[in-house]
Amino acid sequence: MQSFLFLIGVLQLLAPVRGSPSGTSQNIDITRPSPATCGNTSDAVPLYSANSATYLDNFYSTTISQITAVVGAQGYTFQGVAARVFNTQETSTVPLFHLFQNVVIDSFYTTSATERAQALQNGYIVGGTDAYVYPSQICGSIPFYRLYNSGATEHFMTTSADVRASLLASSAWADQGIVGYVLDANPCA
Ligand SMILES: *[C@@H]1O[C@H](CO)[C@@H](O)[C@H](O)[C@H]1NC(C)=O
């Protein structure tokens, strides 16, 4: 009896699908990222972020020991996962260079060799690069926005259009465009 009722339930669930006109509910996009163009997206890892209200700095890293080092000894506050990226250079990805200004304390990230060279001329030193991102919006990736607060010498990156808009609403922050393209912090998004 129980399995009979279960069967009825299953048939009822199937009914709308069977009855729907062809080309509507059947038209499900099943394209998946292919390793040949997207790298192996199963290898994507969290890009963690930590903020220092003392130094006015935002630090991003895929390396947990780096995050715990700044959160512990340097008193940064853990901010969670900013995005998912790769920690090795998968197909189609480029390095997200990390540069660091250790006098005014500013963590700066760029995929641009030109920006990297300019930063090195302007007193930044090479930080450890441990994140790789897409240079264009492929493979279900989303923009990783960068903003800059010149008064605080502080760079900030986010995937959130809302967070970006609210910072830009304050005159302290300037838009620095898109650093690269990353996967959403939530793997199911
Ligand atoms: C993708 O990565 C996962 C986890 O590292 C691994 O199990 C799988 O074999 C990889 N797939 C390909 C196509 O390399």
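Just so you know, ligand 1 is whichever comes first in the structure, and atom 1 is the first atom listed for that ligand. Numbering of residues begins at 1 and proceeds along the displayed sequence. These numbers come from the heavy atoms of this one structure, side chains and all, not from hydrogens, waters or symmetry mates.
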**Message:** Quiz question for you: does at least one protein heavy atom lie closer than 4.0 Å to atom 14 (O) of ligand 1?
**Reply:** yes
**Request:** Kindly say whether the aromatic ring centers of Tyr181 and Phe144 come within a distance under 6.0 Å.
**Result:** no
**Message:** For a quick check under 3.5 Å, do Asn51 and Thr77 share a side-chain donor-acceptor pair by atom type?
**Reply:** no
**Asked** Where do Glu154 and Asn58 land on the side-chain hydrogen bond (donor to acceptor under 3.5 Å, both in side chains) test, with the steps shown first?
**Response** CA-CA 7 Å; Glu154 181 178 9; Asn58 298 288; 2.9 Å; yes
**Request:** Kindly state if atom 2 (O) of ligand 1 has a protein heavy atom within a strict 4.0 Å cut-off, that is, under 4.0 Å?
**Result:** yes
**Asked** Within the structure, does Asn40 bring an N/O atom to less than 3.5 angstrom of an N/O atom in ligand 1?
**Response** yes
**Complete:** re atom 4 (C) of ligand 1, the protein heavy-atom contact at minimum distance is Asp43 OD1, 3.6 Å
**Prompt:** What class does the angle between the rings of Phe156 and Tyr60 fall in, given that below 30° is parallel, 30 to 60° is tilted and above 60° is perpendicular?
**Reply:** tilted
